*Asks:* 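Got a structure for you, questions after.
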Amino acid sequence: MDERPHYRTHWFPRTRDGWIATVAFLALFALALPPATHTLWNRIEPIILGLPFLYVALFGVYVALIGVLIWTWWRR
């Protein structure tokens with residue numbers, strides 16, 4: 001009686017690369033949120049290129065997040 005086609009949900013990745021990208025993005029994004037920033041990155045010393053460690057660490061996390069997005073776009 002139910003003649004409608006059944007589609008897979010779009011909330012979950014369908015490929016292995018999709019799962020890798022999703023887990024990597026969420027793990028890196030968790031490093032940019034307050035529990036990690038208050039415990040791991042909340043240091044002024046060492047000064048790297050004239051910037052406090054917190055700024056350099058967060059910059060690295062954000063660059064890695066953009067890298068995951070570019071990798072995902074490149075892999076289609």
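Below, each value reflects all heavy atoms present in this structure, side chains not excepted, and no hydrogens, waters or symmetry copies. Please read all numbers here as calculations on a predicted model, not as lab measurements.
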*Asks:* With rounding to the nearest 0.5 Å, note down the distance linking CH2 in W41 to CG in L31.
*Replies:*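 Going from CH2 on W41 over to CG on L31, the span is 5.5 Å.
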
*Asks:* Could you check whether any side-chain N or O of T22 sits under 3.5 Å from a backbone N or O of W19, counting only pairs where one atom can act as donor and the other as acceptor?
*Replies:*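 Answer holds: no.
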
*Asks:* Could you tell me which non-hydrogen atom of V61 sits nearest to which non-hydrogen atom of A32, and how far apart they are?
*Replies:*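 Looks like CG1-CB, 4.0 Å.
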
*Asks:* Look at the side-chain heavy atoms of Ile, Leu, Val, Met, Phe, Trp and Tyr, link any pair under 4.5 Å apart, and say whether L28 and L33 land in one connected group.
*Replies:*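 Same cluster.
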
*Asks:* For G18 versus P13, what's the shortest heavy-atom pair and its separation?
*Replies:*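 Taking every non-hydrogen atom into account, C-CB, 3.6 Å.
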
*Asks:* Report yes or no: do W74 and I20 belong to one cluster of Ile/Leu/Val/Met/Phe/Trp/Tyr joined by side chain heavy-atom distances under 4.5 Å?
*Replies:*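 Yes; I20 is reachable from W74 via cluster members.
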
*Asks:* Looking at side-chain heavy atoms only, is the closest gap between Y62 and F59 below 4.5 Å?
*Replies:*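 Answer no - side chains too far apart.
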
*Asks:* Give the intermediate values and the outcome of side-chain contact (heavy atoms from CB on, under 4.5 Å) for residues W71 and D17.
*Replies:* CA-CA 10 Å; W71 179 78; D17 288 340; 3.9 Å; yes

*Asks:* Carefully, step by step, assess F25 and L65 under the rule side-chain contact (heavy atoms from CB on, under 4.5 Å).
*Replies:* CA-CA 6 Å; F25 190 84; L65 283 169; 3.5 Å; yes

*Asks:* Measuring from atom CD1 of I70 to atom CZ of R75, what distance do you get when rounded to the nearest 0.5 angstrom?
*Replies:*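 The CD1 atom of I70 sits 15.0 Å away from the CZ atom of R75.
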
*Asks:* Verify the cluster assignment for V56 and I66: are they in a single hydrophobic cluster under the rule of side-chain heavy atoms below 4.5 Å apart?
*Replies:*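 In one cluster with V56: I66, no.
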
*Asks:* To the nearest 0.5 Å, what is the distance between CD1 on I48 and CG on L51?
*Replies:*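 Nearest 0.5 Å value for the CD1-CG distance: 8.5 Å.
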
*Asks:* Are there more than 12 heavy atoms of other residues, nucleotides or ligands under 6.0 Å from atom CZ of F29?
*Replies:*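 Open: at most 12 neighbouring heavy atoms sit under 6.0 Å from CZ of F29.
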
*Asks:* Taking atom CG of L54 and atom CD of E45, what is their separation to the nearest 0.5 Å?
*Replies:*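 L54 CG to E45 CD: 13.0 Å, rounded to 0.5 Å.
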
*Asks:* How long is the straight-line distance from CG of L49 back to OH of Y55, given to the nearest 0.5 Å?
*Replies:*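 Between atom OH of Y55 and atom CG of L49 there are 15.0 Å.
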
